[in-house]
Amino acid sequence: MLGDYALTILGAARVTLTLAGASLLLSVVLGMVGAACKLSRRRWLRLLAGGYTGLMRGVPDLVLLLLVFYSLPALVNQGLEAFGSDAYFELDPWVAGILTLGAIFGGYMTETFRAALQNVPRGQIEAGLACGFGPIALLRLIIAPQMIRLALPGFANNWLVLAKATALVSLIGLHDVMFRARGAAEATGQPFLFYLVAAGFYLAVTLVSVGVLRLVADRYAFERRE
Amino acid sequence: MNWDIILDSAGLYLSGLRLTLGLTLASLLFSFLLAVPLALAKWSGGAVTRAIISGYTLLFRGTPLLIQLFLIYFGLAQFELLRESWLWPWLSSPLVCVLLAFVLNSAAYSTEIFAAGLAHLPRGEIEAARAFGMSAWVRTRRIYLPAMLTRSLPLYGNEAVMLMHATSLASTVTLMEITGVARNLTLNYYIQFEPYVTAGLLYLILTLSLVGLLHWAERRWAGYLVQR
């Protein structure tokens with residue numbers, strides 16, 4: 001009986017992990033674009049990227065989630081009404097969750113990637129240019145391998161925080177691990193037990209991630225240990 | 001748009017702001033008092049001490065704060081023994097529960113930050129202090145603590161901002177800080193846009209002020225670490 005509840009909670013692992021994976025993908029894309037903007041020669045692109053990262057790091061995750069899930073559709077609907085349309089716009093919790101988490105951690109990824117890009121030695125890029133590398137070869141053979149090594153610690157940290165931040169989407173009704181734990185806690189009157197099961201799940205995600213990321217870090221380390 | 005409702009509720013936002021600041025400062029203070037000895041113990045202690053402290057920081061840094069908060073606020077009610085003890089009047093108060101969760105969580109992060117600051121302390125400074133005949137207590141007070149605090153100031157500042165943002169979770173257990181006030185307004189007036197935008201702006205202002213303060217503190221106390 002209690003075991004069934006525990007299995008139901010852990011069964012939602014797919015929801016949590018899918019959400020985390022999709023948000024990570026979006027955040028990496030946004031982080032690349034953001035880093036490119038921050039290092040751009042155009043002033044307005046730098047200002048835009050600065051405003052974006054400032055907003056994402058200046059407002060709590062929960063408030064941003066509520067803004068995207070409740071305020072954004074309300075704004076769109078007011079606009080629709082002003083144009084005399086009776087269409088009603090609503091965001092799915094999935095979409096709102098991925099958009100919010102992707103945008104927040106896109107801000108953090110922007111800073112991670114920007115720092116990594118800036119720390120690729122200038123001389124190596126110039127050497128590549130002098131050897132007649134095109135922009136794609138330069139990126140693939142010189143910038144990317146070093147950038148991955150430099151960005152990895154920050155990336156790992158962002159992922160660990162992101163995986164835990166997914167628990168917030170339970171508050172907008174997405175049926176993730178946290179949501180199911182709450183359901184089981186209320187149904188059985190044993191909240192401590194079932195929140196502990198959920199906590200164990202997140203701890204396992206953290207531990208597995210740390211292990212995997214350590215392997216990847218070894219792969220990209222300066223000195224390859226054979 | 002219904003900005004007049006927000007203006008009429010300025011008093012509510014003000015009391016929310018006060019609670020947010022109070023929660024942040026109280027959590028920072030207590031977690032600091034907990035983290036400093038833990039970091040020193042982790043750095044100088046034996047294998048067992050280190051393992052225990054690492055276990056504590058792993059548990060609190062490896063799980064979401066929301067779960068820690070729910071474990072304390074909803075979870076502890078499960079235990080009959082606790083419900084009948086003298087502790088219960090405190091443990092059933094949402095204010096005490098959020099403070100407990102924030103302090104334990106933030107102390108775990110701060111311990112690791114401070115321990116890392118100590119690990120970067122040059123060996124020579126410790127040897128010099130010993131050569132001068134400083135006792136362990138004097139070394140701690142004059143060398144370890146200042147070195148630890150200045151070296152970890154940038155990361156600790158980050159943690160302070162994170163903690164300030166984390167106080168928004170207090171709204172999930174009925175506390176009326178900034179986010180709680182905004183949620184209540186959306187429910188009472190059935191407007192979804194203005195209350196959250198106002199809350200977001202307030203947090204933005206708070207964050208910018210805190211970051212400014214931290215930059216000033218870094219220049220003031222950790223300036224000597226900057227390589228010229």
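Proteins come first, then strands; the chains are lettered A, B, ... in the order of their sequence lines, and each starts at number 1. Because only heavy atoms are used, hydrogens play no part in the values below, and waters and symmetry mates are left out as well, while side chains stay in.
In this structure, the separation between OH on A/Y195 and CZ on B/F74 is 5.5 Å, given to the nearest 0.5 Å. Taken to the nearest 0.5 Å, the CG atom of A/L64 stands 9.0 Å off from the NE2 atom of B/H165. In this structure, CG in A/L62 is found 6.0 Å from CZ in B/R183, a value given to the nearest 0.5 Å. From A/L72, atom CG reaches atom OH of B/Y196 across 13.5 Å, with rounding to the nearest 0.5 Å. One finds the CD atom of B/Q192 at 12.0 Å from the CG atom of A/L75 (value rounded to the nearest 0.5 Å). Between atom CZ of residue B/F193 and atom CD of residue A/Q78 there is a gap of 7.5 Å, rounded to the nearest 0.5 Å.
Residue A/A185: no heavy atom, backbone or side chain, is found under 4.5 Å from chain B. The contact between A/R182 and chain B is made entirely by side chain atoms (from C-beta outward), counting heavy-atom distances below 4.5 Å. Residue contact with chain B, scored on non-hydrogen atoms closer than 4.5 Å, is absent for A/S209. Only the side chain of B/T179 comes within contact range of chain A, with heavy atoms under 4.5 Å apart. Contacts of A/S71 with chain B are made by both backbone and side-chain atoms, with heavy-atom separations under 4.5 Å. When heavy atoms are compared at a cutoff of 4.5 Å, B/S171 approaches chain A solely by way of its side chain, counted from C-beta outward. Both the backbone and the side chain of A/L203 come within contact range of chain B, with heavy atoms under 4.5 Å apart. With a threshold of 4.5 angstrom between heavy atoms, B/M164 does not approach chain A through any atom at all.
Highest contact tally toward chain A, considering only B/L208, B/L204, B/T167, is held by B/L204 [criterion: heavy-atom pairs under 4.5 Å]. Across B/L169, B/T207, B/I67, B/V211, the residue that shares the most heavy-atom pairs under 4.5 angstrom with chain A is B/I67. Chain B forms the most heavy-atom pairs under 4.5 Å with one residue out of A/L55, A/L171, A/L66, A/L67, and that residue is A/L66. Considering only heavy-atom pairs separated by less than 4.5 Å from chain A, the leading option among B/L65, B/L210, B/L71 is B/L71. The residue among A/L207, A/N77, A/L193 with the most heavy atom pairs within less than 4.5 Å of chain B is A/L193. Contact count against chain A (heavy-atom pairs under 4.5 Å) is highest for B/R61 among B/E194, B/R61, B/Q68.
Residues B/Y203 and A/V63 have side chains in contact (heavy-atom distance under 4.5 Å, counting atoms from C-beta outward).
A 6.0 Å sphere centred on CZ of A/R46 holds more than 12 heavy atoms belonging to other residues, nucleotides or ligands. In B/L81, the CG atom is not crowded: 12 or fewer heavy atoms of neighbouring residues, nucleotides or ligands sit closer than 6.0 Å. Surrounding CZ of B/R83 are more than 12 heavy atoms belonging to other residues, nucleotides or ligands, all under 6.0 Å away. Counted within 6.0 Å of OH on B/Y56, heavy atoms from surrounding residues, nucleotides or ligands total more than 12; the atom is thus considered enclosed. For B/W90, the CH2 atom counts as loosely surrounded, since its 6.0 Å shell holds 12 or fewer non-hydrogen atoms of other residues, nucleotides or ligands.
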